[in-house]
*Asks:* 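Here it is: the structure, laid out below.
Nothing fancy with the numbering, it's 1 onward along the sequence. On a predicted model such as this, the values are computed, not experimentally measured, just so you know. Ligands are counted one by one from 1 in listed order, and the atoms in each one are counted from 1 as well.
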Amino acid sequence: MPKQQYCELLRTTNAEQREVVLEAIHRLHGCGDELLQALQIFFTGPAGCGKTYTLKALMETYNRYTQNHNSLNNAYVACASTGKAAVPLGGTTVHSAFRLTTSRVTRLLSAENLQAYRNMFVGVRAVFIDEISMLSAAILGKINYRLQQITGIYDQVFGGLHIILCGDFRQLPPVRATSCYTVPINQLGGPILWQSIDYFPLVRVVRQTDELFSRILTKIGDGLKLSVNNIKFIESRHKSESWCKENVPDAVRDRRIALAVGYPYMITSNINVGDGLVNGAIGVLRHIERQPADPAEAGPSTSTTSPPTKDEIITLWFEFPDKSTGASAKLKSRPHVLSKPNTLSVDWVPVYKKVVNITLTKTVKCKRKQFPCVPACAITIHKSQGGTFDVIVYKYSSKQPQQLVYVAMSRVTSINGLYIITEKDSPLIFKHGREGNDSQTTRDIRTEYIRLQGHTLQTTTKKAVKFCDDATSAGQTIVTNINCQSLSAHATDIETDTVIPRSDYLVLTETWMRDTCEPHPIKNYECISRKNNRTKSDTNAAGGVAIYRRLSSISTGKVIDAVTDTARVIKTCGDLCLAEVTCFTADTTFKFVLGAVYIHPGLSVQDIGMLLHQALLPYVHNSQYVPPFLQVDPNMPILLCGDFNQNVKSDDKFLKFIKDTFNLDCVSDMSNTIDIEEHPIETLKVEMDENEEYNREASHGISFQTQPLSTQQVSSIHQSLPPTAPTHTEVKQEPVDEEDHDIQLYLYLVGTSEMTSLINYGQPLLFTISYVPTLKPRQNQQTTSTQIWSFLQHLQHKLEATRLMCI
Ligand SMILES: Nc1ncnc2c1ncn2[C@@H]1O[C@H](COP(=O)(O)OP(=O)(O)OP(=O)(O)O)[C@@H](O)[C@H]1O
């Protein structure tokens, strides 16, 4: 899938669908403990909430985040309990994927097969199984065993692979077997395998936009009684069979097994699962190909008027709505099709007779040769599971199991497309809704869902949301640092993210936003500072930094003009902008300098030093170099965020320099980050010409461009520059005893493991939320500014950490 299509797909997902995709990204590319944990989830939700839709997004995510997506091999194995359910995923049945037989005993794979599997599984990180409700506990156990055998990891369930099980237990159960959440009969180990899996529910139904209808359907699925009005609503869809034949003829089954061109037929066996020719696939019959009967076969003629022998039907040609169905069969038959240009079409798929051996008794065996298809003006409810239809004529019977009723009715996209018929047109009495269903199976399903709720997957998104909400209610200021690689391309991603809009400040790098244009709007934010040293003559605007403030933030932020302007002197290094942020606590204010930095790749520490030095000059303790027109505050806390393009993992020269010169501590946890080189991933870069309109010079409106420095100011700065980077000036502070003050400083740092966002496709690093400290007063005691400062000094003395840098 091209990257732009992938981005569009993710953008169409709703918040909860996206949450699970982001969680997979965290597990693959975050850092910290999650990285080591395989994502093993039961991913569920009511019919039509987009489970299969999200699976497809997840599958592509595994490809993109584990290997170069152009590779021929997928990073996942996709399968489903039935061939029909496997088709939308482009997968196969679990039986064929893992060579499972119906035997109770799971046989070991032969050495040859095992080796073949191991070769196939090179690069496979995840296994997807759809329509899990139709999978038995025994089969799940066999899959577990197979995966352990293939990976050779026996002490972890599913061989330690990521496993995404998807389905809804309110839908159809496995045929003549126990559901996978129940204890398998005759098996040791009990439900441990199933219960080790985390639960991730989707709750929003997408298939039906009518909320009332989808609520009623979920109640039916849960076996709950419906209200009188709800029952009336469903029963109002009753129609007579003759009415349906006349008004929706395509949805009424014609039981005659006749072949008629132009009518739909359903394939009744898995001819080729990989090719989409599966039990349940429906296509329109386009041509019946006959072979003239061989007169020799008719035997000697007994009379001159003997009837002619019948032509034999050799091939049925179908057209499937999905052009990929039967793609390889079409390819194979192409020479034959081209030889009959006026009769056959390359869009049609040939279906041949299939021979089935049937053993009737020990001594009687027979062979049946027939086309594996039946008229498909209607399909069984079992075959409809997983499908979405605009119109449904459903024959209701009060004796049908509740899961069957639920699956049948939940296929349709709107109540207006649902027509319910009854045996002999008897009045519709919707028994399932009137009485509910309190069978043992329904009770077991309800109990299982309650148990599962206690095992809900704690996603990084949930943790980050809680973290932000707690921080906000405690009056803390949240700063999020994002490497956005074109703000115009990703502003919507920022706006629609669950976590990012909770930040007070967005520190953006690689905005690709020229200074000559108006700042790109971000909903609910204002741009308070920005810089891009690229000039009009530069071919692209790569780089660029900006600081945005949430309009509802209780803090204030203003650009530090003079410093931002001094940074312009070193144009070739990168970009830097600063803002002075003032946070208001209950009874005092707290100021700090917030900086956004982007350094071009391949620069030396000296080059970067020049840029930073000029920008941060007023805040350096060694004030002898500070020109008189700049106000000096060597104690001002600084939070510098950005993309420094320095490999700090392999060389600490840069960190040492930044610490010695500016007393800045690096707070990002680099220990678990992944080198992009090791995991080649194409970053989501939107070509600059796509932003042409945005990048063109703005002719009117607000300009945040700062006033250029006067020549005098520039020369003053030049004169003030030290010949070499100044050495670290020791800060002499009196140690302050923490006990004396009892003030807690809340400093939260959330690294890449805590968040990833859409804007971060393929760019797992450099994504940090940093939380600026605020002070919590001791109970019944007012916090004074003296205390705050003495505490900060104490902290600086102790941790030397009031100046922070996030990279
Ligand atoms: N985020 C989305 N944006 C647009 N369409 C969506 C979205 N999510 C789901 N859909 C559409 O809603 C319909 C139902 O989706 P899907 O088949 O994935 O649901 P499901 O939960 O797997 O259903 P079932 O339980 O019946 O198998 C499909 O037509 C799908 O394309």
Side-chain angles (χ1 to χ4, degrees), residues 1 5-22 41-61 78-91 128-135 164-174 179 199-211 213-222 278 280 321-322 379-392 394 402-415 417-418 445 449 492-493 496-498 758:
M1 186 185 285
Q5 198 184 334
Y6 172 70
C7 295
E8 293 310 325
L9 174 67
L10 284 211
R11 282 178 187 137
T12 60
T13 55
N14 59 36
E16 47 189 30
Q17 292 172 337
R18 196 178 297 179
E19 187 178 338
V20 72
V21 176
L22 290 180
I41 51 168
F42 167 46
F43 171 48
T44 185
C49 62
K51 295 185 288 295
T52 308
Y53 191 86
T54 313
L55 274 195
K56 286 191 232 164
L58 268 170
M59 281 157 50
E60 188 57 26
T61 300
C79 47
S81 50
T82 65
K84 180 83 196 304
V87 171
L89 300 182
F128 291 83
I129 305 179
D130 201 3
E131 298 300 350
I132 188 93
S133 72
M134 291 205 225
L135 200 80
I164 320 289
L165 306 176
C166 181
D168 176 12
F169 290 125
R170 287 165 288 215
Q171 298 187 34
L172 293 166
S179 291
Y199 169 65
F200 187 89
L202 296 180
V203 288
R204 208 173 310 165
V205 175
V206 189
R207 184 177 286 135
Q208 296 91 19
T209 43
D210 177 349
E211 243 188 66
F213 183 41
S214 70
R215 258 205 321 272
I216 293 175
L217 287 174
T218 309
K219 276 191 191 169
I220 296 171
D222 288 334
V278 290
D322 183 351
I379 55 170
T380 62
I381 295 172
H382 275 82
K383 294 241 168 69
S384 77
Q385 178 153 329
T388 301
F389 303 88
D390 290 336
V391 179
I392 280 176
Y394 159 48
Q402 174 232 330
Q403 288 118 312
L404 209 69
V405 178
Y406 176 55
V407 170
M409 292 173 65
S410 59
R411 298 305 94 204
V412 72
T413 49
S414 142
I415 185 79
L418 175 67
I445 293 172
Y449 274 111
T492 322
D493 298 330
T496 56
D497 192 272
T498 312
L758 281 174

*Asks:* Evaluate G48 for polar contact with ligand 1, using N/O atom pairs at a separation under 3.5 Å.
*Replies:* yes
*Asks:* Distance under 4.0 Å to a non-hydrogen atom of T13: what atoms of ligand 1 satisfy this?
*Replies:* 1 (N)
*Asks:* Determine whether L202 and Q17 make a side-chain contact, defined as any pair of heavy atoms from C-beta on separated by less than 4.5 Å.
*Replies:* yes
*Asks:* State the atoms of ligand 1, each with its element, that fall below the 4.0 Å cut-off from a heavy-atom position in E131.
*Replies:* 27 (O)
*Asks:* Will you find, in the side chains of T61 and Y6, an N or O donor that is under 3.5 Å from an N or O acceptor?
*Replies:* yes
*Asks:* May I ask you to identify the nearest protein heavy atom to atom 10 (N) of ligand 1, giving residue, atom name and distance to one decimal place in Å?
*Replies:* V206 CG1, 3.7 Å
*Asks:* Using heavy atoms and a 4.0 Å limit, tell me yes or no: is C49 in contact with ligand 1?
*Replies:* yes
*Asks:* Do you know the tightest heavy-atom contact between A80 and A86?
*Replies:* CB-N, 3.5 Å
*Asks:* Nearest to atom 8 (N) of ligand 1, what protein heavy atom do you find, and at what distance?
*Replies:* Q17 NE2, 3.2 Å
*Asks:* Any side-chain heavy-atom pair from E19 and T498 closer than 4.5 angstrom?
*Replies:* no
*Asks:* Minimum heavy-atom separation for P46 to R170, with atom names?
*Replies:* N-NH2, 3.6 Å
*Asks:* Could you tell me which residues satisfy side-chain contact (heavy atoms from CB on, under 4.5 Å) with T52, sequence neighbours excluded, listed by chain and number?
*Replies:* K56, P88, L89, D130
*Asks:* Around atom 18 (O) of ligand 1, find the nearest protein heavy atom and jot down its residue, atom name and distance.
*Replies:* Y53 N, 2.9 Å
*Asks:* Any atoms of ligand 1 less than 4.0 Å from a non-hydrogen atom of G50? List them with their elements.
*Replies:* 8 (N), 9 (C), 15 (O), 16 (P), 18 (O), 19 (O), 20 (P), 21 (O)
*Asks:* Grab the two heavy atoms, one from F213 and one from M409, that are nearest each other, plus how far apart they are.
*Replies:* CZ-O, 3.9 Å
*Asks:* If we only count heavy atoms from C-beta on, is the L55 to K51 side-chain gap below 4.5 Å?
*Replies:* no
*Asks:* Heavy-atom contacts with R411 under 4.0 Å: which atoms of ligand 1 show up? List them by number with element.
*Replies:* 24 (P), 26 (O)
*Asks:* Among protein heavy atoms, which lies nearest atom 28 (C) of ligand 1, and at what distance?
*Replies:* T388 OG1, 3.9 Å
*Asks:* Could you tell me whether F389 and Y394 have their ring centroids closer than 6.0 angstrom?
*Replies:* no
*Asks:* When you measure from atom 17 (O) of ligand 1 to every protein heavy atom, which one gives the shortest distance, and what is it?
*Replies:* R207 NH2, 3.5 Å
*Asks:* Need the ligand 1 atom indices (1-based, order shown) with element for anything under 4.0 Å from a heavy-atom of T12.
*Replies:* 1 (N), 2 (C), 3 (N)
*Asks:* Tell me: protein heavy atom nearest atom 20 (P) of ligand 1, and distance?
*Replies:* K51 N, 3.5 Å
*Asks:* What residues form a side-chain hydrogen bond (donor to acceptor under 3.5 Å, both in side chains) with E16, not counting sequence neighbours?
*Replies:* none
*Asks:* May I ask whether D168 places a heavy atom under 4.0 Å from ligand 1?
*Replies:* no
*Asks:* Determine whether the side chain, the backbone, both or neither of T52 has a heavy atom under 4.0 Å from any heavy atom of ligand 1.
*Replies:* both
